[in-house]
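Quick notes on the structure that follows.
Every number for a ligand or one of its atoms is a count from 1 in the order of the listing. The structure presented is a predicted model; accordingly, all values stated were derived computationally and were not measured.
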Amino acid sequence: MGRAFALLIQRQRAAFPFRIVGVHTRHGTAIHSAGLSADVTLGPALASVEEFLERARPEVVAELTTLNPESGEPAISHIRAAFARHCHVITANKGPIAHAYAALKEEARRGGVEFRFESTVMDGAPVFNMVRNNLPGVKVLGFTGALNSTSKVVVDALRRGKSMEEGIREAQRMGIAEADAGFDIDGWDSAAKAAALANVLMDARVTPQNVERRGIRRLTSERVRKLASERKTVVLISRARTTPNGIRLRVRAEVLDETDIVASATGTSNILLLHTDLMGTVGTVSISPGVHQTAYGVFSDLVDIAKSL
Ligand SMILES: NC(=O)c1ccc[n+]([C@@H]2O[C@H](COP(=O)([O-])OP(=O)(O)OC[C@H]3O[C@@H](n4cnc5c(N)ncnc54)[C@H](OP(=O)(O)O)[C@@H]3O)[C@@H](O)[C@H]2O)c1
């Protein structure tokens, strides 16, 4: 995805004159203050992210490392290393938002830098920036989201008479399932997205472990086919609601009418409805997003940060 982001920056340069002054991965590093091209060949990797930041001296850091759903590390430490050097930070990695959002937001505020994460939940379709920029004064009271693509592909395979394992393999062939598909099937991905949304939009201060969670592992082809004969389907849904006892977060495979708007985002498409005080229910849909849409989300954060400077 980093490469898709670099290509986008390159293509948009006439209108948005951003420069990539460094790239650092585990296997290589490149630094050039005049700007790197998207097809740069990396040299040997510097020993640490800290050393990379010291040498590259960026104004904005895009943290795009692999998700660790259990702890959010090492991305959280990378973000802190960037804050410590007075860099604004964008991340597409939902780990830090699901595990440490309140602390990171406060650290960014104290450091006088921006912290953005549009791509973490809806692959770049506007959610966080929509609320920040277009819904002033609105309080998010809850949300309903069908946010996990793998589970949708698996349910569709079950409807066609395939097994759970065959459905998972289909999703893996499409490149959308995690290597450990249990992360999708057991609802952890949906829980991480629910925690990220609730932390940012509802100040929930939770982790994915706080989300009541039941996945689709026990779902059978027979059950899905019977439901289909009644024009119903099963969707893995992330929900949040405000109760007198606090915010309740839940991930569950729910039976919905096929015509339900939440069931309408099939395949790799996603839908999120925000339930608000002033704007009723308002939503975002992303039809078959891919890596280029995720890269666009990072780019939109970058433009937003540049505007705020
Ligand atoms: N792909 C999508 O469509 C999509 C959608 C939404 C969100 N995201 C999120 O965006 C992030 C990036 O996605 P991706 O698909 O590009 O992931 P990826 O293919 O796993 O690539 C991650 C990159 O991070 C580097 N990296 C990992 N650990 C590192 C470390 N400790 N220090 C320095 N570099 C490290 C890797 O370097 P090496 O190659 O050297 O190991 C690799 O270049 C993930 O958090 C993902 O969840 C992706």
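With a 4.0 Å heavy-atom cut-off, ligand 1 is reached by the backbone of T25 and by its side chain too. Contacts with ligand 1 closer than 4.0 Å are made by backbone heavy atoms (N, CA, C, O) of S119 only, the side chain lying farther away. Contacts of A92 with ligand 1, taken as heavy-atom pairs under 4.0 Å, involve both backbone and side chain.
Here the CZ-CD distance, from R225 to E222, works out to 8.5 Å after rounding to the nearest 0.5 Å. For the atom pair I79 CD1 and N93 CG, the distance stands at 7.0 Å (nearest 0.5 Å). A distance of 4.0 Å separates OG1 in T294 from CG in D123, rounded to the nearest 0.5 Å.
Q293 does not count as a contact of ligand 1, since none of its heavy atoms falls under 4.0 Å from the ligand.
Taking only nitrogen or oxygen atoms, main chain and side chain alike, K94 does not reach within less than 3.5 Å of ligand 1.
In this structure, V155 and L219 have side chains that are in contact, with non-hydrogen atoms separated by less than 4.5 Å. Proximity of V235 to E254: side-chain heavy atoms (C-beta onward) are nowhere separated by under 4.5 Å.
No donor-acceptor pair under 3.5 Å is formed between the side chain of T284 and the backbone N or O of V127. One N or O on the side chain of N210 and one on the backbone of T207 form a donor-acceptor pair closer than 3.5 Å. Looking only at distances, no side-chain donor or acceptor of T144 sits under 3.5 Å from a matching main-chain atom of R239. Of the possible polar contacts, one joining the E118 side chain to the N129 backbone as a donor-acceptor pair under 3.5 Å is found.
With T65, N93, L42 as candidates, the residue nearest to atom 11 (C) of ligand 1 on a non-hydrogen basis is T65. Residue nearest to atom 21 (O) of ligand 1, selected from L46, T66, T29: T66 (by heavy-atom distance). Checking E63, M1, H292, H27 against atom 40 (O) of ligand 1, the nearest heavy atom belongs to H27. Summarising the contacts of atom 5 (C) of ligand 1 with I176, D123, L64, the nearest heavy atom is found in D123.
Applying the 4.0 Å criterion to heavy atoms of P74 picks out, from ligand 1, the atoms 31 (N).
Closest protein heavy atom to atom 47 (O) of ligand 1: L67 CB, 3.8 Å. Regarding atom 48 (C) of ligand 1, its nearest protein heavy-atom neighbour is T294 CG2, 4.0 Å.
Within a 4.0 Å radius of atom 26 (N) of ligand 1, the protein has at least one heavy atom. Protein heavy atoms come within 4.0 Å of atom 38 (P) of ligand 1. For atom 42 (C) of ligand 1, no protein heavy-atom neighbour is present inside the 4.0 Å cut-off.
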Practice item. Evaluate the ring-ring contact (aromatic ring centres under 6.0 Å, His included) criterion for residues F117 and F128: first the C-alpha distance (whole Å), next the side-chain angles of each, then the deciding distance (0.1 Å), finally the verdict. Key: CA-CA 8 Å; F117 32 78; F128 301 116; 5.0 Å; yes

